[in-house]
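All remarks here apply to the structure that follows.
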Amino acid sequence: MENLNVNIKTEYIKLDQLLKFSGIAESGADAKDMIFSDMVFFNGEPCVIRGKKVRAGDTVTVEFEDETVNITVGAE
């Protein structure tokens, strides 16, 4: 399992933007596919909302076939 820490300067970042910003998704289309393929969990719950607002303290988990990546969001 890989753990990433991403710090944001704004109040929130949208889920699809977070996946791109963290390098998990190469494009917005990739992020959309991940979200709608039930690979993404927001604070432990499945999430299929591309525009979900992710704030400091939230955790996003992406489950691939052979790897799980946890993204913890913090504030700068």
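Along the sequence shown, residues are numbered consecutively beginning with 1. Because only heavy atoms are used, hydrogens play no part in the values below, and waters and symmetry mates are left out as well, while side chains stay in.
Residue F41 places its CZ atom among more than 12 non-hydrogen atoms of other residues, nucleotides or ligands, all under 6.0 Å distant. The number of heavy atoms from other shown groups lying within 6.0 Å of CZ (F42) is above 12.
Inter-residue side-chain proximity for V48 and D38 is flagged as met; some heavy-atom pair is nearer than 4.5 Å.
The distance from atom CD1 of I24 to atom CE of M34, rounded to the nearest 0.5 Å, is 7.0 Å. Atom CZ in R50 sits 11.0 Å away from atom CG in L19 (nearest 0.5 Å). Taking CD1 of I8 as the reference point, atom CD of Q17 lies at 10.5 Å (rounded to 0.5 Å).
Closest heavy-atom contact between V6 and S22: CG2-CB, 4.0 Å. Contact between K14 and G51 at its shortest, heavy atoms only, is CG-O, 3.9 Å. Considering all non-hydrogen atoms of both residues, K20 and G28 come closest at CD-N, 3.3 Å.
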Could you pull out every donor-acceptor pair under 3.5 Å between side chains of residues 56-67 and any protein atom, sequence neighbours left out?
from : atom 1 : to  : atom 2 : distance (Å)
D58  : OD1    : N43 : ND2    : 3.0
D58  : OD2    : R55 : N      : 2.7
T61  : OG1    : N70 : OD1    : 2.7

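Following chains of ILVMFWY side-chain contacts shorter than 4.5 Å, one cannot reach Y12 starting from I71, and the two form parts of different hydrophobic clusters. Residues V73 and F21 share a single hydrophobic cluster, defined by chaining ILVMFWY side chains whose heavy atoms lie under 4.5 Å apart. Transitive grouping of hydrophobic side chains (ILVMFWY, heavy atoms separated by less than 4.5 Å) brings L4 and L15 into a common cluster.
Between the side chain of S37 and the backbone N or O of M39, no donor-acceptor pair lies under 3.5 Å.
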Apply side chain to side chain contact (heavy atoms under 4.5 Å, CB included) to the pair V69 and M1, showing each step before the final yes or no. CA-CA 6 Å; V69 179; M1 179 184 305; over 6 Å; no
